[in-house]
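Residue numbers begin at 1 in each chain, while the letters A, B, ... track the order of the sequences.
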Number of protein chains: 2
Amino acid sequence: MAQKNTLQFIILGLLSQESMTGYELTQSFAHEIGEFWQAKHSQIYPLLNKMEDQQLISHVDEVTGTKLAKKRYSITQQGDDVLQEWIAEPTDFISSSKDEFILKLYFIKDKNDKRLTSMFNEQIRLHKEWLQHLKSRNEDLFNKRSQQNAQFGHYLILNHAIDREQNYVQWLETQFNNL
Amino acid sequence: MAQKNTLQFIILGLLSQESMTGYELTQSFAHEIGEFWQAKHSQIYPLLNKMEDQQLISHVDEVTGTKLAKKRYSITQQGDDVLQEWIAEPTDFISSSKDEFILKLYFIKDKNDKRLTSMFNEQIRLHKEWLQHLKSRNEDLFNKRSQQNAQFGHYLILNHAIDREQNYVQWLETQFNNL
DNA sequence: CAGCTCATGTAACCCGTTACATGATTTA
DNA sequence: TAAATCATGTAACGGGTTACATGAGCTG
């Protein structure tokens with residue numbers, strides 16, 4: 001066993017909320033989940049087959065129009081057991097973030113290096129854009145307090161992503177002003 | 001070309017500071033660099049050979065005691081060119097962080113779920129421990145302002161790691177108190 | 001009807017971890 | 001002298017990305 005296959009638990013988690021097709025699962029990673037985990041369709045489709053073999057999920061066939069075949073997946077009882085077990089087990093935190101920008105800074109020994117200004121400016125711009133994007137999504141989804149309870153998990157991760165980006169931008173700006 | 005091989009640039013960056021053995025490079029990842037990138041010796045040794053083939057680095061043999069053979073690697077001019085190119089090129093930020101704890105929260109729909117208390121407590125403990133560790137390292141290394149300039153890059157990444165953890169802990173505690 | 005999106009798959013390849021393997025040196 | 005650390009490698013495997021491949025449905 002080389003790694004951990006967290007992806008399968010995420011798929012179980014998504015399917016525990018509602019049944020979805022492989023395509024719809026892929027979209028989830030392109031959107032909200034993408035903040036904290038990434039996956040492409042080429043990884044998802046084979047895994048769905050494997051998980052069905054293991055009876056963690058099952059599918060029914062659907063047809064759109066006259067021909068377009070879809071597989072709508074649902075979680076099985078067995079799958080839900082596995083999911084709950086994963087949630088309950090201790091989460092060993094390893095700071096597994098890979099930040100290429102910070103690494104580049106690390107290799108610039110000189111505080112007066114000419115490249116620093118443009119590098120910081122670029123990152124500040126990118127992170128501010130992203131922060132703005134997150135904030136509008138938050139506005140759209142959770143403008144009413146009632147909805148914070150209805151989709152508590154979703155609210156939490158968006159909230160955390162915003163908090164994290166806000167802090168990152170602030171750090172960038174502080175360092176930039178101290179150059 | 002499937003991925004990007006950032007690791008090779010990090011090795012170049014480390015070797016641009018001083019010549020090192022494979023073992024010493026491995027130690028770097030276990031310590032400061034480890035905050036932002038991870039690598040094991042089993043990945044480093046083969047890559048060093050590959051990079052030497054490409055003439056990005058070169059080595060001289062060293063012997064400790066009477067027998068113990070080491071290879072001390074240095075960066076070549078070609079290697080430094082490649083390194084500077086990497087630093088200069090735009091850093092496309094993708095929030096490639098993978099946070100398993102946040103994902104678990106996402107799948108807990110109910111704000112009153114019994115598991116939340118212990119989950120938050122565990123994470124708060126782990127992150128506080130880590131924060132404390134980072135702070136002592138910072139104390140040890142940069143207690144004098146002069147040293148902040150001498151090792152600017154190193155100071156920056158430690159500083160950022162601390163800032164990030166501090167914010168994470170704060171977020172955890174705020175959410176915990178709102179449960 | 002052209003272009004975009006929906007929908008599902010496979011193949012090749014690289015990245016990274018775990019485990020296997022060996023031997024020298026230092027330290028308690 | 002035993003245990004921990006220094007030092008370098010290889011093998012097997014799973015995780016993840018890029019590219020290849022195909023076809024249906026929808027929208028302007």
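- In this structure, the nucleotide among dT10(C), dT25(C), dC6(C) sitting nearest to the side chain of Pro46(A) is dT10(C).
- In the interface, the side chain of Thr21(A) is not paired with the base of dT8(C) through any donor and acceptor atom under 3.5 Å apart.
- Look at Thr66(B) and you'll find a side-chain N or O under 4.0 angstrom from OP1 or OP2 of dT25(C).
- Along DNA chain D, the nucleotide closest to Asn5(A) and the one closest to Arg72(B) are compared, and the more 5′ of them pairs with Arg72(B).
- The side chain of Leu68(B) has dA24(C) as its nearest neighbour among dT10(C), dG23(D), dA24(C).
- Checking each of Glu122(A), Glu165(A), Glu173(A) against Lys128(A) for a salt bridge (Lys or Arg N to Asp or Glu O under 4.0 Å) leaves exactly one that passes, namely Glu173(A).
- Across dA7(D), dG15(D), dC15(C), the shortest atom-to-atom separation from the side chain of Gln43(B) is found for dC15(C).
- Counting any heavy atom pair closer than 4.0 Å across all strands shown, Thr26(B) reaches no nucleic acid atom.
- Salt bridge absent: Lys71(B) and Glu52(B) never bring a charged side-chain N and a carboxylate O closer than 4.0 Å.
- The side chain of Tyr23(B) sits closest to dT5(D) out of dT5(D), dT10(D), dT5(C).
- Closest to the Tyr73(B) side chain, of the nucleotides dT18(D), dG9(D), dG16(D), is dG9(D).
- Listed pair Lys67(B) / dA24(C) meets the phosphate criterion, a side-chain N or O lying under 4.0 Å from OP1 or OP2.
- Counting to the nearest Å, the P atom of dC15(C) and the CD1 atom of Ile44(B) are 14 Å from each other.
- Spacing between atom NZ of Lys50(B) and atom C1' of dT10(D) amounts to 17 Å, rounded to whole angstrom units.
- Remark: Lys98(A) is in phosphate contact with dG16(C), judged by side-chain N or O atoms under 4.0 Å from OP1 or OP2.
- Proximity note for His41(A) (side chain, C-beta onward) versus dG9(C), dG16(D), dT17(C): the nearest is dG9(C).
- Here Lys40(B) reaches the OP1 or OP2 of dT18(C): one of its side-chain N or O atoms lies under 4.0 Å away.
- To the nearest angstrom, P of dC13(D) lies 22 Å from NZ of Lys4(A).
- For Lys70(A), whose side chain is taken as the heavy atoms from C-beta onward, the closest listed nucleotide among dG25(D), dT8(C), dG9(D) is dT8(C).
- Atom CG in Asn49(A) sits roughly 13 Å away from atom P in dA11(C) (whole-Å rounding).
- Residue Ile11(A) contributes atom CD1, which lies 13 Å from atom C1' of dG15(D) at whole-angstrom precision.
- There is no side-chain donor-acceptor pair under 3.5 Å between Lys98(A) and Thr6(B).
- Spacing between atom OH of Tyr45(A) and atom C1' of dA21(D) amounts to 14 Å, rounded to whole angstrom units.
- One can place CD of Gln38(B) at 14 Å from P of dG16(D), the figure rounded to the nearest angstrom.
- Atom pair Asp61(B):CG and dA7(D):C1' shows a separation of 13 Å (rounding to whole Å applied).
- Ring planes of Trp171(A) and His160(B): tilted class, angle from 30 to 60°.
- No side-chain heavy atom of His59(B) sits less than 4.5 Å from a side-chain heavy atom of Leu48(B).
- The 12-atom threshold is not exceeded at CD of Glu85(B), counting heavy atoms of other residues, nucleotides or ligands nearer than 6.0 Å.
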